[in-house]
Amino acid sequence: MADIAAANREALDRLCRARPAWTAVRSGREALGLEGRTLLHAGPPIEWARMCWPMRGAVKAAALFEGWARTADEAEALAASGDIAFAPCHSRGAVGPMAGVISPGTPLLVVEDAVNRTTASSFIADGPWGHQLRFGAHGPETLNGLRWIRDAVAPALSAVLEREGPIDLAALMAQAFTMGDEMHMRNAAATGLLARRLAAPLVAAVPDAARLEPIMRLVTRDNDQFFLAWSMCAAKAAARSIEGLEASTVVCTMARNGVEFGIRVAGLGEPWFTAPASVVEGVYFPGSAAGDANLDTGDSAIMETYGLGGLAMASSPAVQKIVGAKSWEDALATTRDMGEICVGRNPLFPIAVLGGEGTPTGIDIRRVVKTSIVPKITTAIAHRAAPRMIGAGIATAPMAPFVAALRAFAERYGAARA
Amino acid sequence: MAVRAVVRRSFYQDSMVLMSVAARLRGQPGVREAAALMGTPANHALLAAAGLASPEVKGAAPGDLVLVVDAESEAAAAAALEAAGAMLEERSRASGVLRRPRTLEAALAARPDANLAVISVPGAYAALEARTALRGGLHVFLFSDNVSLADEVELKRLAAARGLLCMGPDCGTAYLGGIGLGFANVVPRGRIGCVAASGTGLQAVVSQLAALGEGISHGIGVGGRDLSAEVGGTMTTLALAALARDPRTEAIVVISKPPSAAALPALESAIRATGKPVVVCCLGAASSGAPGTWVSTLDDAADAAAALLRGVSWSPRAFSDPDSVRARLAALGPARGTIRGLYTGGTLAHEARLLLEPLLGATGHRILDLGADEFTVGRPHPMLDPDARAAQVREAARDRDVGVVLLDVVLGRGTHPNPAGVVARAVRDARETAARAGRGLLAVASVVGTDADPQGRRHQVEELRAAGVEVLPSNAQAARFVALALRPELALALLGPR
Amino acid sequence: MTLDAGLDQPLRVVNVGLELFAEQIEAQGAAVDRVDWRPPAGGPDIASLLARLED
């Protein structure tokens with residue numbers, strides 16, 4: 001019988017010692033080897049016919065951005081014809097928030113963890129607020145935004161990294177965590193810290209004030225979630241260190257495509273275990289309500305996979321309120337519950353109200369099934385048929401994928417004992 | 001319709017907090033839409049899109065809090081805005097109750113000095129918990145039944161290897177260090193240690209010992225299958241060794257079903273190794289030259305142990321007060337029909353069967369253990385919920401073949417607060433039913449328990465007697481009393497010469 | 001606490017299952033911690049599967 005305990009200790013150790021740093025900006029082609037008409041998307045594998053509205057919109061945006069189509073209708077016909085190859089971001093070491101669509105020409109962050117020797121990527125930004133690709137927007141504002149990011153923002157950030165060297169994300173996130181970010185639904189402190197880190201180097205890298213001003217605006221503007229792409233890359237780089245780790249029952253991927261929720265398990269390699277995506281229990285922006293909401297979506301559950309987001313709820317005073325504003329003890333209880341399903345704690349992210357205990361880290365499918373406690377995911381809510389975010393809330397992962405994964409694990413590793 | 005807004009200058013609140021305030025405002029009476037947000041450019045756009053951009057909010061800066069309500073009336077809007085103010089002021093109240101750990105592992109991490117796990121989860125999951133407890137270095141009291149024999153063997157081996165007790169599966173009662181576990185009678189501490197494969201058997205013996213003025217040091221439960229060939233007496237031998245070393249314990253009582261041939265040698269050598277007087281009550285097994293004093297009923301076990309301790313001679317007796325039995329039988333007159341034994345304690349039912357069969361033969365008498373699986377599917381054990389047994393008593397009265405009901409009433413912590421009361425009401429009804437049909441119905445019972453029990457033995461006996469139930473001092477005596485009532489010619493054998 | 005320490009050590013109990021038993025032990029003066037136990041997900045065969053995959 002395989003030594004599961006030792007494998008899981010190793011998994012926890014790798015997750016805890018990960019020190020991701022932002023090292024480069026590269027295209028999907030360069031960073032991930034994307035070629036031809038290939039698009040990556042959030043969550044477990046899905047074909048065009050089953051994609052939700054936001055993901056279809058994002059696919060159209062990407063096809064237009066790549067020049068594969070001239071109009072949205074053409075893009076839709078192209079996707080429906082089967083001439084676009086779709087694959088999960090997770091299959092290429094990438095992550096995409098919400099619809100999470102990445103194309104060969106998308107400029108990506110490259111994050112590297114020198115300790116575990118892993119890398120991860122995600123898109124930097126995806127169009128102005130209200131016109132973001134991740135929510136399915138594919139109009140002129142989105143496309144102009146994507147081109148500007150490719151042609152102006154990416155080179156500027158690249159120049160910053162060339163001057164400054166890698167930017168230590170582990171340190172930045174650890175600091176932001178103590179400032180109240182759980183790094184999934186709240187990245188306000190981290191966004192501020194990143195802006196502070198980038199400000200002077202950007203001024204040096206982009207001497208032309210007219211070109212610099214909109215870039216500074218992007219970095220410092222009113223979007224507390226700007227840093228989420230960096231958070232996700234850091235978490236993904238850490239999680240990649242345990243992908244394929246023999247005999248480990250720790251979850252290495254949790255992701256949603258707006259239709260299905262899926263997990264992958266370290267010791268089980270590539271296969272996904274899926275179930276219908278959850279309805280997010282949320283609070284909504286003015287003008288929106290639960291009936292407008294798409295099902296839970298995006299690769300951002302990589303944050304929970306890494307022990308942040310919903311697992312660290314107790315540490316984030318702001319996010320505690322979306323639990324239902326009952327009491328802070330609910331958030332505390334959630335983090336305690338999450339502790340019951342995790343292998344250990346990550347001391348990089350100490351939770352003050354728990355006496356400095358690290359955030360629960362390394363979700364163990366055995367414990368999930370045994371306790372019937374499933375991970376809680378703090379998340380944004382996409383409109384189901386319009387290109388915008390309409391709220392935020394808590395998604396409860398479905399149990400079925402954990403049970404199915406446990407059965408598969410037993411088949412693979414546990415057959416020796418009847 | 002009224003759109004009302006308030007701007008609080010320089011009043012930062014996190015967007016998550018504000019979204020929850022807005023969500024609650026939408027639940028206020030007469031409110032159609034509400035917004036609570038900081039006056040950032042993006043939020044101004046959001047307000048405009050939602051039709052909530054009233055003139056007074058236009059000037060709100062990013063550091064200003066904007067509250068907007070679209071309500072059915074001015075009054076509703078004003079009330080909602082006032083409520084919003086209160087929501088922003090409120091502090092979340094501590095409920096004072098921190099959630100309990102969801103797993104044994106978490107409980108043990110929080111309490112590393114724990115030394116006993118009491119486990120009563122459904123059988124399919126019990127072994128998992130017990131293994132966790134044993135690996136964590138805890139003794140286990142395993143009340144759950146329906147644990148597989150293979151799991152039992154593995155758990156007990158694990159326990160024995162670590163010098164831990166695995167009391168059960170299917171362990172109803174135990175006493176450790178003066179604390180009763182499971183269904184336990186309130187008995188004094190004393191000099192007699194027990195090892196019991198049966199919970200009710202242990203309850204009967206310790207209650208009887210209490211009546212004799214003897215207390216117990218410890219009562220270690222081992223579960224009904226410990227002396228089976230498969231388990232091999234792993235816990236019985238471990239418990240005997242522990243009692244041998246225990247300075248309080250001066251004599252030992254072993255209560256079990258007959259040991260399997262495979263387990264007998266281990267039991268015998270463990271008994272020998274104690275170096276203390278040992279009484280063995282293996283219901284249905286005769287002494288075979290084995291060490292220890294072998295007895296055949298539970299009250300004999302208690303009597304013999306007390307006698308051994310006091311250094312007085314002992315021999316088994318059918319009744320503790322033969323004269324009273326003679327008088328009561330004479331007053332009742334002969335009974336007729338068959339016996340319906342309705343037991344809540346399985347071991348007591350078994351003991352009654354063993355006593356009655358040789359006296360009466362198998363002639364339609366039925367002794368039922370109502371705690372057996374066939375009667376408890378989907379309902380609680382009859383010791384917790386005696387209504388099912390009460391229904392059976394009433395039912396027995398409608399069977400014209402039944403002339404006698406034989407009952408046990410088991411007291412103690414954890415059991416029903418007034419089991420005798422439930423039985424007494426049922427017996428009254430049953431006797432009325434039988435009388436209307438022109439039949440007599442004799443009800444005979446014994447009470448397992450002490451006056452210190454929450455139910456109080458004396459009160460329970462009185463309650464039964466008031467309903468016309470013949471109460472005997474022990475289950476064995478109750479069974480013999482029934483046999484005598486049906487077959488007066490047994491008097492010489494059971495009561496001796498007048 | 002193994003049996004080497006004897007049978008008379010003060011009990012420090014963890015209760016997994018019926019609340020009744022926890023209350024009873026507390027009433028006798030021993031300390032009890034309670035586990036808020038719930039059945040595992042996935043059906044009755046899952047217990048043996050979990051047992052096979054234990055650490």
Side-chain angles (χ1 to χ4, degrees), chain B residues 99-104 106-108 110-111 113-122 124-129 131-133 135-139 141 143-144 148 151 162-165 176-182 184 186 193 217-218 220 238-239 241-243 245-249 384 413-414, chain C:
Chain B
R99 204 179 290 183
R100 290 171 182 169
R102 287 284 301 270
T103 57
L104 188 50
L108 296 183
R111 189 75 68 184
D113 59 337
N115 53 20
L116 172 70
V118 171
I119 297 169
S120 55
V121 301
Y125 312 113
L128 207 54
E129 303 299 329
R131 205 174 291 119
T132 303
R135 288 206 176 124
L138 279 77
H139 297 299
F141 175 81
F143 180 81
S144 314
S148 77
D151 277 336
R162 297 184 178 217
L164 295 168
L165 294 171
L176 271 190
I179 306 284
L181 307 171
V186 180
S217 54
H218 306 280
I220 301 171
L238 192 73
L243 290 174
R245 288 195 302 273
D246 178 49
R248 281 177 188 270
T249 302
L384 294 171
R413 291 196 168 101
Chain C
M1 177 194 79
T2 69
L3 288 170
D4 293 341
L7 291 164
D8 254 318
Q9 303 303 309
L11 290 188
R12 171 94 237 181
V13 178
V14 181
N15 187 64
V16 192
L18 298 172
E19 168 63 17
L20 171 78
F21 291 150
E23 287 169 5
Q24 228 171 282
I25 293 164
E26 263 174 358
Q28 298 175 75
V32 181
D33 288 306
R34 293 155 168 88
V35 173
D36 181 14
W37 187 89
R38 325 236 175 124
D45 68 310
I46 216 81
S48 67
L49 215 120
L50 285 167
R52 270 160 51 192
L53 297 176
E54 278 198 323
D55 283 351

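Chain letters run A, B, ... following the sequence lines, proteins first and then strands; every chain starts at 1. Since this is a predicted model, take the numbers as computed values, not measurements.
Looking at B:Asp246, only its side chain comes within 4.5 Å of chain C, counting heavy atoms on both sides. Interface residue C:Asp8: backbone and side-chain heavy atoms are both found under 4.5 Å from chain B. Of the two parts of C:Asp45, neither the backbone nor the side chain holds a non-hydrogen atom closer than 4.5 Å to a non-hydrogen atom of chain B.
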Apply side-chain contact (heavy atoms from CB on, under 4.5 Å) to C:Gln9 and B:Leu176, showing your working. CA-CA 9 Å; C:Gln9 303 303 309; B:Leu176 271 190; over 6 Å; no

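Among C:Val32, C:Asp4, C:Leu50, C:Val13, the residue with the largest count of heavy-atom pairs under 4.5 Å with chain B is C:Val13. Among C:Ser48, C:Ala30, C:Pro40, the residue making the largest number of heavy-atom pairs under 4.5 Å with chain B is C:Pro40.
With contacts defined as side-chain heavy-atom distances shorter than 4.5 Å, the pair B:Leu243/C:Leu7 qualifies. Put simply, the side chain of C:Val35 does not reach to within 4.5 Å of the side chain of B:Glu129, judged on heavy atoms. Side chains of C:Leu20 and B:Leu384 form a contact here, defined as non-hydrogen atoms less than 4.5 Å apart. Between B:Thr132 and C:Glu54, some side-chain heavy-atom pair lies under the 4.5 Å cut-off.
Counting all heavy atoms, side chain and backbone alike, B:Ala124 lies closest to C:Ala47 at O-CB, 2.9 Å. Among all heavy-atom pairs drawn from B:Leu104 and C:Val14, the shortest one is CD1-CG1, 3.5 Å. B:Arg135 approaches C:Asp55 most closely through the heavy-atom pair NH1-O, 3.8 Å.
Here the OG1-CG distance, from C:Thr2 to B:Leu165, works out to 10.0 Å after rounding to the nearest 0.5 Å.
Under the 30°/60° scheme for interplanar angles, the aromatic rings of C:Trp37 and B:Tyr125 are found to be tilted.
Remark: the backbone N or O of B:Arg102 is not paired with any side-chain donor or acceptor of C:Asp36 at under 3.5 angstrom.
Partner B:Arg413 forms a side chain to side chain donor-acceptor pair (under 3.5 Å) with one of C:Gln24, C:Gln28, C:Glu23 and no other, that one being C:Gln28.
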